[in-house]
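I have a structure here, written as structure tokens, and I will follow up with some questions on it.
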Amino acid sequence: DTEVTQTPKHLVMGMTNKKSLKCEQHMGHRAMYWYKQKAKKPPELMFVYSYEKLSINESVPSRFSPECPNSSLLNLHLHALQPEDSALYLCASSPRAAMNTEAFFGQGTRLTVV
Amino acid sequence: AQSVTQPDIHITVSEGASLELRCNYSYGATPYLFWYVQSPGQGLQLLLKYFSGDTLVQGIKGFEAEFKRSQSSFNLRKPSVHWSDAAEYFCAVVGGNEKLTFGTGTRLTIIP
């Protein structure tokens, strides 16, 4: 199994809603990532988890709250989002959070905030 | 900090023609370099990577890339493109901060 699975594929939420994005991998990877990608732009790193601990937070607003319940799962909890938060949210994993490893990406969740 | 430049925003090539996508990086030491491909609305798929050793690396789908330290480049090539190669291509680098930094991408269009 060399896949990173993200659910849901599409999500529409209001600005007062609370929702969660989920990401799962069964490759035994110990680093997992959340990226945000706006249309026609490259992915931008949001969070890095290494061995289930948050190691990097790229100054992301607190309305985005990551969680790593175990080594295979990564969640992104969303609350009080703004329309400008609409984007493709990508999850990725790698064997470890180090320079010489490759990241495997999921298919993404297309989020629309209305 | 490291950075990546992809000078071509959009490239159009005929099916069967050769392809070269340019990538230049900025990093003081030897970087770790990657090429990813993204179809519309999809995630990113790794085409190939360079960590060390042979500077010509082979990837999936018939792609190859050559690392040239003197030019700080890591250009992606394919001898004959197929219509299914139409996508967005991202060059990326990992430097000392262990963060994957992407270039702005090159959109590839294939004409029959």
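Chain letters run A, B, ... following the sequence lines, proteins first, then strands; residues in each count from 1.
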Connected via hydrophobic side-chain network under 4.5 Å: A/V4 and A/F47: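 Not linked; separate clusters.
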
In one Ile/Leu/Val/Met/Phe/Trp/Tyr side-chain cluster, 4.5 Å: B/Y50, B/L48: yes

Residues of residues 107-114 of chain A near chain B, each having a heavy atom less than 4.5 Å away: A/Q107, A/R110

Working for side-chain contact (heavy atoms from CB on, under 4.5 Å), residues A/K41 and B/T104: CA-CA 6 Å; A/K41 297 291 186 183; B/T104 50; over 6 Å; no

Option that, when pairs with chain B are counted at under 4.5 Å, heavy atom only, ranks first among A/S94, A/P42, A/A39: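 Looking at each of A/S94, A/P42, A/A39 in turn, A/P42 comes out on top.
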
Segment of A/Q37 engaging chain B (4.5 angstrom heavy-atom cut-off):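 Contact with chain B: side chain only.
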
Largest heavy-atom contact set with chain A, pairs under 4.5 Å, which of B/A92, B/G103, B/G43, B/G105: B/G43

Pair B/E88 + A/K40, salt bridge at N-O below 4.0 Å: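 Salt bridge flag = no for A/K40 with B/E88.
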
Contacting moiety of A/Y35, where chain B heavy atoms sit under 4.5 Å: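 When you check distances to chain B, only side chain atoms of A/Y35 fall under 4.5 Å.
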
Side chain / backbone / both / neither for B/L100 at chain A, heavy atoms under 4.5 Å: both

Closest non-hydrogen atom pair, A/P43 against B/F102: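 That would be O-CD1, 3.7 Å.
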
Verify same cluster id: A/L54, A/V48 (apolar side-chain graph, 4.5 Å): no

Part of A/Q6 within contact of chain B (heavy atom distance under 4.5 Å): neither

Single-linkage hydrophobic cluster B/F63~B/L56, side-chain heavy atoms < 4.5 angstrom: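 Shared cluster, no.
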
What donor-acceptor contacts under 3.5 angstrom involve side-chain atoms of residues 9-24 of chain B, with partners at least two apart or in another chain?
unit_1 : atom_1 : unit_2 : atom_2 : d
B/H10  : NE2    : B/T109 : OG1    : 2.7
B/E15  : OE2    : B/W83  : N      : 3.2
B/E20  : OE2    : B/N75  : ND2    : 3.3
B/R22  : NE     : B/D8   : OD2    : 3.0
B/R22  : NH2    : B/D8   : OD1    : 2.9
B/R22  : NH2    : B/D8   : OD2    : 3.4
B/N24  : ND2    : B/Q71  : O      : 3.3
B/N24  : ND2    : B/S72  : O      : 3.3

Cluster link B/L44 to A/M32, ILVMFWY, side chain under 4.5 Å: no

Min side-chain heavy-atom separation A/F105-B/Q45 under 4.5 Å: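 SC-SC contact between A/F105 and B/Q45 ruled out.
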
Atom of B/Y36, atom of A/A103 and distance for their closest heavy-atom approach: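 Result for this residue pair: OH-O, 2.9 Å.
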
CD/B/E64: more than 12 non-hydrogen atoms of other groups inside 6.0 Å: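 Enclosed: over 12 neighbouring heavy atoms sit under 6.0 Å from CD of B/E64.
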
Within residues 83-93 of chain A, residues adjacent to chain B where the heavy-atom gap is under 4.5 Å: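 When heavy atoms of chain B are the reference, residues 83-93 of chain A contributes A/L88, A/L90 within the under-4.5 Å range.
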
Donor-acceptor pairs under 3.5 angstrom involving side-chain atoms of residues 71-79 of chain A: please list them, not counting sequence neighbours.
unit_1 : atom_1 : unit_2 : atom_2 : d
A/S72  : OG     : A/Q25  : O      : 3.4
A/N75  : ND2    : A/E67  : OE1    : 3.1
A/H77  : ND1    : A/S20  : OG     : 2.6
A/H77  : NE2    : A/E67  : OE1    : 2.7

